[in-house]
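Within every chain, numbering begins at 1; the chains are lettered A, B, ... in the order of the sequence lines, protein sequences first and strands thereafter.
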Amino acid sequence: MVKVRFAPSPTGHLHVGGARTALFNWLFARKNSGKFVLRIEDTDLQRSSQEMSFEILNALRWLRLEWDEGPFYQSKRLHLYRRMAERLVEEGKAYYCYCTKEEIEERRKASGKGRAWKYDRRCLHLTEEERKKFEEEARPKAIRFLVPEGMTEFEDLILGKVSVKNQDIEDFVLLKSDGYPTYHLSVVVDDHLMKITHVIRGADHIYNTPKQILLYKALGWEPPLFAHLPLILGPDRKKLSKRHGETSVLAFKQKGITSLAMVNFLAQLSWSPGEDRDFYTMEELVERFSLEKVKKSNPVFDLDKLAWLNSRIISSMKPEDLWEEVLPFLEEKIRKRAEERKEWVFRVLNLIKERSRDLREVGEKLERYLVRDFQYKEDALKKHWKPGAKEGLRRLLEEYRALEPFNAQTAESSLRNLAEEMGVKAASLIHPLRVALLGERVSPPIFDVVEVLGKDEVLLRIERALEELPD
RNA sequence: GCCCCCGUCGUCUAGCCAGGUUAGGACACCGCCCUUUCAAGGCGGCGGCAUGGGUUCAAGUCCCGUCGGGGGCGCCA
């Protein structure tokens with residue numbers, strides 16, 4: 001059975017790259033009727049935090065990437081990693097290293113090789129006396145993996161064959177001197193114990209894979225299959241990071257991006273179902289997903305496309321669903337008022353969803369329908385509140401007062417008749433009416449607004465405008 | 001510095017594996033139509049196979065070089 005995992009380290013927000021990795025794992029699991037495991041890699045004491053773990057969980061829930069097992073915290077499984085590291089030492093496949101970080105740094109510098117320098121295996125060749133001395137001094141010791149000679153290869157499901165000369169790999173640390181495992185150890189132990197079949201992760205891990213395969217072999221375990229996803233780049237073609245602006249997925253949530261837009265956007269970075277469609281439901285994405293269709297090249301993160309997807313998804317949503325999504329963007333007072341007349345709110349949502357880019361906008365617009373004492377917007381007054389506007393509205397108010405039945409059709413013909421009577425264009429009544437009803441420069445078709453607000457509200461809003469707005 | 005990967009409109013991509021297309025779609029941008037406004041929608045425009053060579057009757061598709069971009073080389077994950 002297929003089993004995959006998402007294994008973030010809680011050292012920061014869940015950023016778009018991480019979310020994309022989680023999404024692809026989730027899609028792969030669902031597509032293959034497998035399991036999706038969530039594991040928190042909190043073995044870096046300094047940088048990990050509980051709050052970040054919770055936030056990551058939250059972000060995954062928002063994206064609707066529900067996990068089948070976990071979350072497992074590596075900080076609670078330390079004994080497992082230690083035992084395996086000790087075992088490797090006993091078997092001569094790893095060794096204790098007493099070198100301190102400073103000593104290593106010194107030797108690295110002295111070698112003149114800079115980054116090309118590899119650990120010199122000094123502690124592998126320690127004499128019995130030297131070892132005893134270090135032990136008596138109670139020097140902290142780490143455990144290093146003894147990289148064997150040869151060549152390590154694997155078939156990446158996305159990139160194809162990857163091979164590395166073992167001589168390019170240094171004797172990496174398995175267990176830090178503080179007793180905590182490094183990434184390589186914990187990830188291999190856990191992936192094996194959790195019976196992970198496919199490791200799908202970012203391409204920045206590509207050269208960790210040979211190290212980990214070596215570890216699997218040393219422990220006598222069968223390695224899983226690997227798939228490395230291309231990295232998401234910023235507009236300047238550099239690896240996406242904070243300098244490109246907001247990269248935390250929850251920040252997008254706060255900006256009013258729907259999770260479906262986020263998911264579609266992420267899914268279609270370096271992957272395409274090859275159809276002439278703009279977006280899909282989660283189920284449709286699952287149906288179409290396949291690792292073979294993942295490209296090797298790095299995609300660029302394009303905010304415009306996300307924003308557009310979001311606006312299209314919002315306007316395609318059923319008002320009931322849109323309502324749920326807008327809730328967090330409404331003030332308590334407004335929310336309560338809306339709850340009392342849900343059916344009516346749905347009608348309003350149907351009117352405004354078409355021209356909203358994000359959920360914040362939907363919330364702001366909805367509010368104008370729910371409260372009468374909204375602010376008249378400056379740009380609206382500037383553009384549509386011209387001399388003579390008031391006189392027209394005054395006459396329109398009289399017409400509307402007498403109008404029965406009062407609906408979009410009757411309101412429109414009434415207004416048009418009045419315009420003709422006054423010898424003005426209908427627009428010169430329509431625009432002031434828009435300002436009076438909603439205080440905005442733009443709105444849905446105004447007679448639809450008139451109908452949804454209802455006669456009483458329309459009259460009250462016109463009266464308010466006549467009272468408060470200048471001539 | 002050393003090792004590796006990638007390269008189709010500005011961006012996301014289809015086409016490449018199994019050579020023969022007027023190189024298709026979408027975002028963005030620009031026009032026009034619709035229209036009371038703004039969107040949406042419709043129509044049209046702009047714009048691309050990084051580059052040089054080779055193989056071939058034929059190359060975006062196969063091979064090599066160059067250039068450009070990315071990644072990795074931690075007691076971080």
Worksheet item: For A:F6 and A:F36, what are the C-alpha separation, side-chain angles and deciding distance, and is it a ring-ring contact (aromatic ring centres under 6.0 Å, His included)?
Response: CA-CA 8 Å; A:F6 177 56; A:F36 178 53; 7.1 Å; no

Worksheet item: Roughly how many Å is it from CG in A:D276 to P in B:rC12, rounded to a whole number?
Response: 18 Å

Fill in: Derivation and outcome, side-chain hydrogen bond (donor to acceptor under 3.5 Å, both in side chains), residues A:D236 and A:H244
CA-CA 9 Å; A:D236 58 354; A:H244 297 106; 2.6 Å; yes

Response to the item:
Between A:F374 and A:A436, the two heavy atoms sitting closest are CZ-O, 3.6 Å

Discussion item. Please report the distance separating the P of B:rC3 from the corresponding atom of B:rG20, rounded so that it comes out in whole Å.
Written reply: 37 Å

Discussion item. Ring of A:Y119, cation from A:R144 - is the NZ or CZ under 6.0 Å from the centre and inside 45° of the axis?
Written reply: yes

Discussion item. Please name the nucleotide paired to B:rC62 by Watson-Crick or G-U wobble geometry with both distances under 3.5 Å, or report none.
Written reply: B:rG54

Worksheet item: Given A:E103 and A:R122, is the salt bridge (Lys or Arg N to Asp or Glu O under 4.0 Å) satisfied, shown in steps?
Response: CA-CA 11 Å; A:E103 288 168 345; A:R122 173 167 297 186; over 6 Å; no

Discussion item. Both distances below 3.5 Å, Watson-Crick or wobble geometry, any strand: find the nucleotide opposite B:rA18.
Written reply: none

Practice prompt. Determine the interatomic distance between P on B:rU51 and the same-named atom on B:rC57; round to the nearest Å.
Written response: 25 Å

Worksheet entry | Value in whole Å for how far the P atom of B:rG15 lies from CD of A:E292 | 13 Å

Fill in: Footprint string (nucleotides 67-77 of chain B, 5' to 3'): B base within contact, S backbone only, - free, heavy atoms under 4.0 Å
--SSBSBSBBB

Worksheet item: Who does B:rG47 pair with, Watson-Crick or G-U, both distances under 3.5 Å?
Response: none

Worksheet item: Given atom CG of A:L438 and atom P of B:rC38, what is their separation to the nearest angstrom?
Response: 16 Å

Worksheet item: Which part of the nucleic acid, if any, lies within contact of A:K305, taking any heavy atom under 4.0 Å across all strands shown: a base, the sugar-phosphate backbone alone, or nothing?
Response: base

Discussion item. If I take atom CD in residue A:E155 and atom C1' in nucleotide B:rC4, what distance separates them, rounded to the nearest angstrom?
Written reply: 15 Å

Discussion item. Distance check needed: B:rC4 C1' versus A:K296 NZ, whole Å only.
Written reply: 12 Å

Item to complete: Can you tell me, in whole Å, how much space there is between the P of B:rG69 and that of B:rC63?
Response: 24 Å

Item to complete: Could you measure between the two P atoms, the one in B:rA14 and the one in B:rA26, and give it in whole Å?
Response: 15 Å

Worksheet item: Which heavy atom in A:P273 sits nearest to a heavy atom in A:K293, and how many Å separate them?
Response: O-NZ, 4.1 Å

Practice prompt. Could you walk me through whether A:R461 and A:E457 pass the salt bridge (Lys or Arg N to Asp or Glu O under 4.0 Å) test, one step at a time?
Written response: CA-CA 6 Å; A:R461 288 185 184 212; A:E457 190 64 27; 2.8 Å; yes

Fill in: Cationic N near anionic O, under 4.0 Å, A:E86 to A:R83
no

Worksheet item: Using the P atom in both, what is the distance from B:rC29 to B:rA40, to the nearest Å?
Response: 10 Å

Fill in: Steps toward ring-ring contact (aromatic ring centres under 6.0 Å, His included) verdict (A:H15, A:F301)
CA-CA 12 Å; A:H15 56 97; A:F301 190 78; over 10 Å; no

Fill in: Of A:F301 and A:R277, the one whose closest RNA chain B nucleotide lies more 5'
A:F301

Practice prompt. Identify whether any heavy atom of A:P230 sits under 4.0 Å from a base atom; if not, whether one sits that close to sugar-phosphate; answer base, sugar-phosphate or nothing.
Written response: nothing

Worksheet item: Does anything in residues 350-364 of chain A reach RNA chain B, meaning a heavy atom under 4.0 Å, and if so which residues?
Response: A:E354, A:R355

Practice prompt. Decide whether a cation-pi geometry holds between A:R20 and A:F24; the criteria are a distance under 6.0 Å from NZ or CZ to the six-membered ring centre and an angle within 45° of the ring axis.
Written response: yes

Discussion item. Going by purine N1 to pyrimidine N3 plus the second Watson-Crick contact, or the G-U wobble pair, all under 3.5 Å, which nucleotide sits opposite B:rC27?
Written reply: B:rG10

Practice prompt. Mind checking A:S315 for me? I need base, sugar-phosphate or nothing, with any heavy atom below 4.0 Å counting as a touch.
Written response: nothing

Item to complete: Provide the distance between the two P atoms, one in B:rC46 and one in B:rG24, to the nearest whole Å.
Response: 12 Å

Worksheet item: Once you round it to whole Å, what is the distance between P of B:rA26 and CG of A:N264?
Response: 17 Å

Worksheet item: What interatomic distance, in whole Å, is found between C1' of B:rU11 and the corresponding atom of B:rC33?
Response: 28 Å

Worksheet item: Step by step, would you call A:E364 with A:K377 a salt bridge (Lys or Arg N to Asp or Glu O under 4.0 Å)?
Response: CA-CA 12 Å; A:E364 283 167 18; A:K377 283 193 177 167; 5.2 Å; no

Practice prompt. Could you work out the separation of B:rA59 and B:rG45 based on their C1' atoms and round it to a whole Å?
Written response: 30 Å

Worksheet item: B:rU11 C1' sits how many Å from A:Q268 CD, rounded?
Response: 14 Å

Worksheet entry | Base-pairing mate for B:rU37 - Watson-Crick or G-U, with both contacts under 3.5 Å | none

